[in-house]
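Inspection log for the structure reproduced underneath, given as C-alpha cells.
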Amino acid sequence: MINLVMDLVCSSTGRKVDDPEMLEAIRLTIINNLLQYHPESSSQLAMGVAFGVEPPKQQVDVDIATRVNVSDDGPDRSLLYVETVDRPGLLVDLVKIITDINVAVESGEFDTEGLLAKAKFHVNYKGQALIRPLQQVVANSLRYFLRRPSTEEASF
C-alpha cells in the first residue's frame, strides 16, 4: 500500500490548502477516480469496505483524528463542534455523553463525508452558556469516549 503525504497548494493563491471541507472534496475526488479508472485498487482504499468493487482481504483500520471544540454562542448557549470517524449509533452516543454531564442539547446538525462525521450542537447548562471548566469537561469526555479502544470478549 502506498501512503502519499504532501501539501496541497491552491493554484489561484499559491497558499497551502488547509480548509477541511476542501481537503475532503479533494480526497473524495481522488478516491472516486481511483475506483473508476483503477477498480483493482478498491481493496486498498479505506472506503473499500463500503464502496469498493473488490472487498479488502483484511479489515481496514481507519484512524481519523477526533476533534472537539466548544465556544460561546451568546450568553445563553454554547456551540459544540465534534469531528470523528463515523459509525452506527454515533449520534445517539454523542447526545448521551453530553446529557450524562447534565448539559442540555438545544439543537444539532449532523453530517457525514465519507468516513468522517461532523456534528454541531447548541448546548447549555441550566439555561446559560457553558463556563470554561465545563467546556473542558465536555471536550475531555467526548474525546475519551470516542477514542476508547474496543475490547473483544474473547480477550478476557
Side-chain angles (χ1 to χ4, degrees), residues 3-36 42 44-53 55-56 59-151:
N3 289 325
L4 180 62
V5 178
M6 62 185 209
D7 288 335
L8 297 171
V9 179
C10 180
S11 62
S12 62
T13 64
R15 301 184 88 165
K16 179 180 172 183
V17 176
D18 57 3
D19 176 33
E21 291 180 12
M22 179 61 77
L23 290 170
E24 179 67 10
I26 293 168
R27 185 182 76 82
L28 289 175
T29 300
I30 292 169
I31 289 171
N32 288 334
N33 283 331
L34 276 170
L35 289 173
Q36 182 176 357
S42 67
Q44 296 296 315
L45 298 173
M47 291 178 64
V49 174
F51 302 104
V53 176
Q59 185 64 30
V60 178
D61 181 24
V62 179
D63 187 21
I64 295 177
T66 297
R67 295 187 182 108
V68 180
N69 184 28
V70 185
S71 59
D72 291 336
D73 192 33
D76 299 336
R77 66 184 185 178
S78 296
L79 179 65
L80 170 62
Y81 180 76
V82 180
E83 260 187 29
T84 191
V85 66
D86 191 21
R87 61 179 169 76
L90 176 62
L91 182 57
V92 173
D93 289 344
L94 289 173
V95 173
K96 182 176 180 345
I97 293 165
I98 296 165
T99 56
D100 281 352
I101 307 169
N102 294 324
V103 172
V105 177
E106 292 179 14
S107 64
E109 189 178 313
F110 192 82
D111 190 25
T112 58
E113 296 175 1
L115 298 174
L116 180 67
K118 297 179 179 183
K120 291 181 186 177
F121 298 102
H122 290 285
V123 296
N124 70 61
Y125 180 72
K126 296 184 179 179
Q128 298 294 314
L130 278 58
I131 60 174
R132 297 279 179 233
L134 187 53
Q135 289 179 2
Q136 193 65 47
V137 168
V138 170
N140 289 345
S141 297
L142 287 168
R143 282 188 195 102
Y144 173 76
F145 284 104
L146 294 173
R147 298 290 291 169
R148 182 177 54 192
S150 58
T151 306

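Remember, predicted model here, so these are calculated numbers, not experimental data.
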Residues in side-chain contact (heavy atoms from CB on, under 4.5 Å) contact with T29, at least two apart in sequence or another chain | N33
Not counting sequence neighbours, which residues clear side-chain hydrogen bond (donor to acceptor under 3.5 Å, both in side chains) with N69? List them please.
-> none
For D72 and S78, run side-chain contact (heavy atoms from CB on, under 4.5 Å): C-alpha distance rounded to whole Å, both residues' side-chain angles, the deciding distance at 0.1 Å, then the answer.
-> CA-CA 4 Å; D72 291 336; S78 296; 3.9 Å; yes
Heavy-atom nearest pair, L80 first then V70, reads CD1-CG2, 3.4 Å
From D111 CG over to K120 NZ, what is the distance, rounded to the nearest 0.5 angstrom?
-> 9.5 Å
Gap between atom OG1 of T66 and atom CD of E83 - 0.5 Å precision = 9.5 Å
Just how far is it from atom CG of L91 to atom CZ of F121, taken to the nearest 0.5 Å?
-> 5.5 Å
Rounded to the nearest 0.5 Å, what separation is found between the CG atom of L146 and the CD1 atom of I97?
-> 5.0 Å
Using the test side-chain contact (heavy atoms from CB on, under 4.5 Å), find all partners of I131 that sit at least two apart in sequence or belong to another chain.
-> P133, L134
The side-chain hydrogen bond (donor to acceptor under 3.5 Å, both in side chains) partners of R132 (sequence neighbours excluded) come to Q135
Taking only residues two or more places apart in sequence or in another chain, which ones pass side-chain hydrogen bond (donor to acceptor under 3.5 Å, both in side chains) with N124?
-> E106
Where G74 and A129 come nearest, the two heavy atoms and their spacing | O-CB, 3.7 Å
Would you mind listing every salt bridge (Lys or Arg N to Asp or Glu O under 4.0 Å) that reaches into residues 88-105, with sequence neighbours excluded?
-> R87-D93, K96-D100
Can you name the side-chain hydrogen bond (donor to acceptor under 3.5 Å, both in side chains) partners of Q128, sequence neighbours left out?
-> none
side-chain contact (heavy atoms from CB on, under 4.5 Å) between T84 and R67, intermediate numbers included = CA-CA 6 Å; T84 191; R67 295 187 182 108; over 6 Å; no
Those residues that, when tested against T112, pass side-chain contact (heavy atoms from CB on, under 4.5 Å) (two or more places apart) = D86, F110, A117
